[in-house]
Trainee: 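Once you've had a glance at the structure underneath, I'll fire off some questions.
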Amino acid sequence: MPPLLEPPPLPDARRHPAWVRGLWLVSGVAALVLGVVGIFVPLLPTTPFVLLAAWCFSRGCARCEAWLLAHPRLGPMVQDWRTRRAVPLRAKQMATAMMALGCALAWTRLPSPWHWAPLVVCAAVATWMWRLPTRAVDS
């Protein structure tokens, strides 16, 4: 088992001017909304948007970041990413299935020279994703 990675130091949100913190907060909320919508909409990923929201909140709103980290469903995903760069097995499986579905749809709908593009991109993303550590207990 590889050694645990130390989480990167997060910037102190108070060092930014108020308008910059506001932009980070708005970006974090937008990413979180997209992540929640992704729970219900096929082909829209949840995990990357939740991770992006946590990253934005770490720069703009310590209270929102603390709320996200304490969330029973979303918090463990963010904590695993920060400490081990681990992704839950269920997230990997769902992402792979959705990418396969998206590639199949693209194959039938895109013109001939372009139907390969989603397949190449999804194969690269899937390869990267499956090489990441998997969270041991998926609860």
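In this chain, numbering begins with 1 at the start of the sequence shown.
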Trainee: Throw together a table of side-chain donor-acceptor distances under 3.5 angstrom for residues 26-36, partners on residues two or more places apart or in other chains.
Mentor:
residue, atom, partner, partner atom, Å
S27, OG, L23, O, 2.8

Trainee: Between F57 and L68, which heavy-atom pair has the shortest distance, and what is it?
Mentor: CD1-CD2, 4.1 Å

Trainee: State the CG-CH2 distance between L74 and W67, to the nearest 0.5 angstrom.
Mentor: 6.5 Å

Trainee: Please round to the nearest 0.5 Å and tell me the distance separating atom OG1 of T47 and atom CZ of R90.
Mentor: 11.0 Å

Trainee: Check whether any side-chain heavy atom of L51 sits under 4.5 Å from a side-chain heavy atom of V78, and report yes or no.
Mentor: yes

Trainee: How long is the straight-line distance from CZ of R73 back to CD1 of I39, given to the nearest 0.5 Å?
Mentor: 9.0 Å

Trainee: Using the rule that Ile, Leu, Val, Met, Phe, Trp and Tyr join whenever any side-chain heavy atoms are under 4.5 Å apart, tell me whether W128 and V50 fall into a single cluster.
Mentor: yes

Trainee: Could you tell me which non-hydrogen atom of R82 sits nearest to which non-hydrogen atom of A54, and how far apart they are?
Mentor: NH2-O, 3.2 Å

Trainee: Minimum heavy-atom separation for P118 to L110, with atom names?
Mentor: CG-CD1, 3.8 Å

Trainee: If you look at every heavy atom in V87 and A91, which pair is closest and at what distance?
Mentor: CG1-CB, 3.9 Å

Trainee: Any non-hydrogen side-chain atom of L25 less than 4.5 Å from a side-chain atom of R21?
Mentor: no

Trainee: List the atom pairs, donor and acceptor, that lie under 3.5 Å between side-chain atoms in residues 93-100 and the rest of the protein, sequence neighbours left out.
Mentor:
residue, atom, partner, partner atom, Å
T96, OG1, K92, O, 2.8
T96, OG1, W130, NE1, 2.7

Trainee: Quick one: side chain to side chain donor-acceptor pair (under 3.5 Å) pairs with a partner in residues 107-125, sequence neighbours left out?
Mentor: none

